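Remarks on the structure that follows.
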Amino acid sequence: MEQKQYTIPSKEREEWRKLVTGLLDHKFQNFVLQMKTAEYQSKISSGELPLEKAIDELHQLCEKYVVAVQSDFKKIFKDW
């Protein structure tokens with residue numbers, strides 16, 4: 001049986017910026033992804049976390065749990 005390889009989009013995609021700043025209107029299926037994006041939005045707006053660091057952290061989290069974020073990412077990023 002062939003194993004499917006899952007990936008996530010490049011950090012350079014504009015959708016990452018929109019995710020961590022709250023500019024993307026999306027109803028999340030993955031609760032952890034929803035909570036983390038809300039946390040990053042709050043930390044960015046309070047000046048506690050720089051935008052690029054939030055993108056880096058979210059990207060790393062999604063790399064770790066690549067299978068769990070696939071359904072949301074297919075709707076957010078469409079293809080990559």
Side-chain angles (χ1 to χ4, degrees):
M1 185 165 88
E2 187 178 321
Q3 184 177 0
K4 183 171 181 178
Q5 293 288 65
Y6 291 100
T7 61
I8 61 171
S10 162
K11 265 194 300 193
E12 285 67 42
R13 295 275 301 257
E14 182 63 26
E15 292 93 333
W16 290 104
R17 180 176 302 275
K18 291 179 178 178
L19 275 170
V20 298
T21 58
L23 296 175
L24 186 76
D25 184 28
H26 175 71
K27 185 170 173 60
F28 290 94
Q29 292 183 358
N30 182 296
F31 183 68
V32 173
L33 187 57
Q34 178 183 354
M35 295 303 294
K36 291 305 283 183
T37 56
E39 177 186 331
Y40 291 131
Q41 291 165 24
S42 174
K43 287 182 174 183
I44 289 168
S45 65
S46 72
E48 188 179 335
L49 187 67
L51 175 64
E52 292 304 318
K53 181 138 177 64
I55 293 170
D56 287 344
E57 288 182 13
L58 183 61
H59 192 270
Q60 287 175 357
L61 178 72
C62 292
E63 279 183 322
K64 188 174 182 179
Y65 300 104
V66 66
V67 174
V69 299
Q70 288 299 301
S71 61
D72 282 308
F73 279 13
K74 286 176 183 171
K75 291 179 181 157
I76 294 168
F77 293 93
K78 308 296 186 242
D79 57 34
W80 59 93

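Because only heavy atoms are used, hydrogens play no part in the values below, and waters and symmetry mates are left out as well, while side chains stay in. Sequence positions, counted from 1, serve as the residue numbers for this chain. The structure displayed is predicted, hence computed values, not measured ones.
Transitive grouping of hydrophobic side chains (ILVMFWY, heavy atoms separated by less than 4.5 Å) keeps F31 and L24 in distinct clusters. When hydrophobic clusters are built by joining Ile, Leu, Val, Met, Phe, Trp and Tyr residues whose side-chain heavy atoms come closer than 4.5 Å, directly or via intermediates, M35 is not grouped with V69.
Across every non-hydrogen atom of K75 and K78, the tightest pair is O-NZ, 2.6 Å. In terms of heavy atoms, S71 sits closest to Q29 at OG-OE1, 2.8 Å.
Judged by distance alone, with hydrogens and angles left aside, the side-chain atoms of Q41 form no donor-acceptor pair with the main-chain N or O of K36 at under 3.5 Å.
With respect to E14 and K18, no salt bridge is recorded, no charged nitrogen being found less than 4.0 Å from a carboxylate O. A salt bridge links E52 with R17; the closest basic N to acidic carboxylate O contact falls under 4.0 Å.
With sequence neighbours excluded, no residue satisfies side chain to side chain donor-acceptor pair (under 3.5 Å) with N30. With sequence neighbours excluded, the residues forming a ring pair (Phe, Tyr, Trp, His ring centres under 6.0 Å) with F77 are W16, F73, listed by chain and number.
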* To do: Show your working on side-chain contact (heavy atoms from CB on, under 4.5 Å) between Y40 and L58 and close with a plain yes or no.
  => CA-CA 8 Å; Y40 291 131; L58 183 61; 3.7 Å; yes
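Within the 4.5 Å cutoff, no side-chain heavy atoms of Y65 are placed close to those of I8. Under the 4.5 Å side-chain criterion, counting only non-hydrogen atoms from C-beta, L49 is in contact with E57.
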